Amino acid sequence: MILLILGVVLLAALHLPQSKAAIIARAGASGYGPVFGVFSILALALIVLGWRLSDFVPVYEPPAWGRHANFGFTFLAFLSLGVFLFRGKLRQVLRFPMGIAVLLWSAGHLLANGDLRSLILFGALLIFAILLIAIGARPSPETRGGHDLVSLVIGAALFGAMTQLHPVLTGVPILTLAR
């Protein structure tokens, strides 16, 4: 579980508002994106590897309806992610689209899973998302016309892709389109 914890800590640290300034100070404005991307991929790899290597240790019994709630929460989370990725007006309407995405994704997974590794991953990211929203970590105010519909379509497409990739990444199938 050490790799899982390290991945969660690294991912959270990268997304602190102060981290952007620190990366820019060391790598320059043009180096920010590549450095952030490399460390984000490293954090996600540590999380996936740590998750896969961690034993299932039951902590609580999730509600019977938790899987269904998780499916809905995660769909809304991916729509929010799409809104965050594109600079439409919805990005400003939601105010904290990435924080909302992580909050919904984490809460849904805590309703569906009752094991220790889920508490570590989803509990920590839920708390982190709440803190980022509370301190007011908002996306840039720049908007682009026509991006609202695209953001929702891309969010839905990412959700569809993740339902197919989920068993590969986590070992837990959600649903499959093949027979």
Side-chain angles (χ1 to χ4, degrees), residues 1-19 35-85 94 96-135 137 151-152 154-179:
M1 292 220 188
I2 297 296
L3 289 177
L4 177 63
I5 294 168
L6 286 173
V8 170
V9 169
L10 178 58
L11 190 70
L14 280 171
H15 287 84
L16 288 171
Q18 299 85 352
S19 295
V35 170
F36 181 83
V38 166
F39 279 102
S40 292
I41 289 169
L42 175 64
L44 290 173
L46 285 171
I47 289 170
V48 170
L49 186 62
W51 177 274
R52 298 287 306 240
L53 293 175
S54 297
D55 293 327
F56 181 86
V57 178
V59 176
Y60 63 90
E61 186 67 34
W65 48 266
R67 285 186 59 140
H68 302 292
N70 183 33
F71 200 76
F73 278 27
T74 302
F75 178 70
L76 294 173
F78 272 93
L79 291 180
S80 294
L81 175 63
V83 167
F84 175 78
L85 293 173
L94 284 183
F96 308 102
M98 182 58 97
I100 291 169
V102 173
L103 190 146
L104 290 168
W105 173 75
S106 298
H109 280 76
L110 288 172
L111 289 171
N113 303 299
D115 60 298
L116 183 58
R117 64 186 179 182
S118 294
L119 279 176
I120 291 170
L121 175 59
F122 305 117
L125 292 180
L126 176 69
I127 291 167
F128 187 69
I130 291 168
L131 290 174
L132 282 181
I133 291 169
I135 65 169
S151 69
L152 296 174
I154 295 296
L158 289 171
F159 174 75
M162 184 49 88
T163 60
Q164 296 303 300
L165 290 173
H166 202 271
V168 175
L169 295 174
T170 68
V172 180
I174 301 171
L175 62 91
T176 57
L177 298 177
R179 291 182 188 233

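Residue indices begin at 1 and follow the sequence shown. Values in this document were obtained by computation on a predicted structure and should not be read as measured data.
More than 12 heavy atoms of other shown residues, nucleotides or ligands fall within 6.0 angstrom of atom CZ in Arg52.
Nearest heavy atom pair, residue Leu111 against residue Ala69, reads CD1-CB, 4.0 Å.
Distance alone, capped at 3.5 Å, is enough to place a donor-acceptor pair between the Thr170 side chain and the His166 backbone. Judged by distance alone, with hydrogens and angles left aside, the side-chain atoms of Arg117 form a donor-acceptor pair with the main-chain N or O of Ser54 at under 3.5 Å.
Ring-centre distance between Phe84 and Phe78: not below the 6.0 Å cut-off. In this structure, the ring of Trp65 has its center no less than 6.0 angstrom from the ring center of Phe73. Aromatic ring centres of Phe122 and Trp105: separated by under 6.0 Å. Residues His15 and Phe36 bring their aromatic ring centres within 6.0 Å.
To the nearest 0.5 Å, atoms CG (Leu3) and CG (Leu10) are separated by 12.0 Å.
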Inset, instruction - Take Val38 and Leu42 through the test side-chain contact (heavy atoms from CB on, under 4.5 Å) and record every step on the way to the result. - result: CA-CA 6 Å; Val38 166; Leu42 175 64; 5.6 Å; no
Inset, instruction - Evaluate side-chain contact (heavy atoms from CB on, under 4.5 Å) for Val59 paired with Asp115, printing each intermediate quantity in order. - result: CA-CA 5 Å; Val59 176; Asp115 60 298; 5.6 Å; no
Inset, instruction - Would you sort out whether Leu6 and Ile47 count as a side-chain contact (heavy atoms from CB on, under 4.5 Å), showing the intermediate values? - result: CA-CA 8 Å; Leu6 286 173; Ile47 289 170; over 6 Å; no
